[in-house]
Protein chains: 2
Amino acid sequence: MAVYTEVSDEDLTAFAKTFGLGEVLSCKGIAEGVENSNFQLVTETGGYILTLYEKRVDPADLPFFLGLIEHLAAKGVPCPEPVHARDGAVLKTLSGKPAAVVTFLSGMWPRRVHPHHTAELGRALAELHLAGADFGLKRANALSVRSWRGLLDSCQGRGDEVLPGITAELQAELDVLEARWPQDLPSGVIHGDLFPDNVFFRGEKLTGLIDFYFACNDVLAYDIAICLNAWCFEADGSFNATKARKLLRGYVKVRPLSNAELAALPLLARGAAMRFLLTRLFDWLNTPKGALVTPHDPMEYVHKLRFHRAVSGPAAYGLDA
Amino acid sequence: MAVYTEVSDEDLTAFAKTFGLGEVLSCKGIAEGVENSNFQLVTETGGYILTLYEKRVDPADLPFFLGLIEHLAAKGVPCPEPVHARDGAVLKTLSGKPAAVVTFLSGMWPRRVHPHHTAELGRALAELHLAGADFGLKRANALSVRSWRGLLDSCQGRGDEVLPGITAELQAELDVLEARWPQDLPSGVIHGDLFPDNVFFRGEKLTGLIDFYFACNDVLAYDIAICLNAWCFEADGSFNATKARKLLRGYVKVRPLSNAELAALPLLARGAAMRFLLTRLFDWLNTPKGALVTPHDPMEYVHKLRFHRAVSGPAAYGLDA
């Protein structure tokens, strides 16, 4: 739940004019997402999403994010497309914040994931990876394996307030991840946060990928590992191998995985679980009680991490190695 | 800022089918309003607002609210129109809550009020009063003069935490209001909460009146008094007589005011200030620190109440008595 910045109708009218959007018919704050202020904007010329970038996004990264979705959209990836202002810019200022307008994508994100969703997801993720290959800008992954030790240290042992012994368990896990993290797998642009609420469907058809604000350059198969974590566990914590198989099969139809990539999947999945576990743990320990945003429970990712640590090989994800 | 209830895509699809709305293209929670969960819904057949009624609304009142806007819309008042389900009902259940769908109104509410806004407001308010005259249902005003003493008592003297001496001042004010409150002015359906954020404009034209969840039967001129408070004070607390004059002139062009109604305006305006002062004071004293919703500052209405108490007659509002 968000909308941190109020936009006046007069400022908005002037802003819309800068972009040649026509008369503003309505503009309502969207109560989803926590990083930025998002508005559903309807003008004479169509539907848009207006985003005001709040302090959690580094303005220096905005050319990467906006350039990337423009690049991907031009290659047919169903992602929002930045609208250019009349002077050519995609980034302007509104209510004192960096602001951009992107095209509106129809579709709903799946509250309950079915296997047909993950098949489409795998296909779309592979298409995203292929389409990103010739994007000119680079952005390092601020939440890569190199950052995790520091993130755990910043929790100052307080992880044990959530689960006794977890700090030691994660330190041992980091020893393994740091030692064995693959160095030479194919890399490129990854989405980095492709959870169900960032993927829209109409019926069984995938119609949109949104929220590229964690996109960066990293190992491509790590993006698959993030999706295995985000899409293939049931609410009771069990792993749904059918959803994983459909995800991987959808992916390899578009971009085949090498044996090295397949062999690395369990370790990459441990890493992906670690990344979300650590950011959730940090937020959990540092969000004041009664705050606007309820932090996600880090325990969900403790269980996921343990699952991936116990698998014997990539066959656990439903694909023959 | 709201959206308290999450709606699954599957439940929503079934719900939209009940209403014959066609395929759901998108549904996003709106981060405005605090009483209910509101969603901007787009389907094949158009744009709608989906509302899930949360516990602050009494379900027994919903037939009045939904029936009223249907009645008003049929008479040309620009308010949302309830959509009937295929079985004829306007009220259904979604995610365990009473839920309704109304048509989407374009327009933006004015963050900065100009005199042309209040002229249109006055005209629309009078049209609303005339159109409501033959509405068949009745609803008592739960926040009428009769309720104010109890509301002040429920603050248990803690009003003095906001402003020393305010409790005694309000008790003396209530003595006057209760003794002099007019008994025989024309009454009918009033909106009861027509603040700027409930009125949409496109350019200078008023395009929508929304949020009828305080509508009830009461003195019609009291609705004008609410608008004098909500629309005619500047941010620095000063009263803008030009805005008031335009409001009243816009109103009387459609529904002339009797001498008795005009003479009662200062007292009704004191009452309206008291009503919002008391609910704000109660919320201010009873909202936990760091809560989701920041309560409005009751002091704004202390100043407004004192202004109205000091006026010598209706001429203060810019209209000749």
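Sequence lines set the chain letters: A, B, ... in the order given, protein chains first and strands last, and positions in each chain run from 1.
- Around atom NE2 of His296(B), no more than 12 heavy atoms belonging to other residues, nucleotides or ligands sit under 6.0 Å away.
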- Message: Under the criterion side-chain contact (heavy atoms from CB on, under 4.5 Å), I'd like the reasoning laid out for Gln40(B) against Val42(A): C-alpha separation, chi angles, the key distance, then a yes or no.
- Response: CA-CA 11 Å; Gln40(B) 185 162 349; Val42(A) 180; 4.1 Å; yes
Taking only distance into account, with no hydrogens and no angle test, what donor-acceptor pairs under 3.5 Å do side-chain atoms of residues 95-105 of chain A form with protein atoms, sequence neighbours excluded?
unit_1	atom_1	unit_2	atom_2	d
Ser95(A)	OG	Glu6(A)	O	3.4
Lys97(A)	NZ	Thr5(A)	OG1	2.6
Lys97(A)	NZ	Glu54(A)	OE1	2.7
Thr103(A)	OG1	Glu81(A)	N	2.9

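- With a 4.5 angstrom heavy-atom cutoff, Phe200(A) touches chain B only via side-chain atoms.
- Residues of residues 239-246 of chain A never come closer than 4.5 Å to chain B when only heavy atoms are counted.
- By a heavy-atom distance cut of under 4.5 Å, Ser106(A), Gly107(A), Met108(A), Trp109(A), Pro110(A), Arg111(A), Arg112(A), His114(A) are the residues of residues 106-120 of chain A near chain B, going up by number.
- Residues of residues 12-23 of chain A lying within less than 4.5 angstrom of chain B, judged on heavy atoms, are Leu12(A), Glu23(A) in numerical order.
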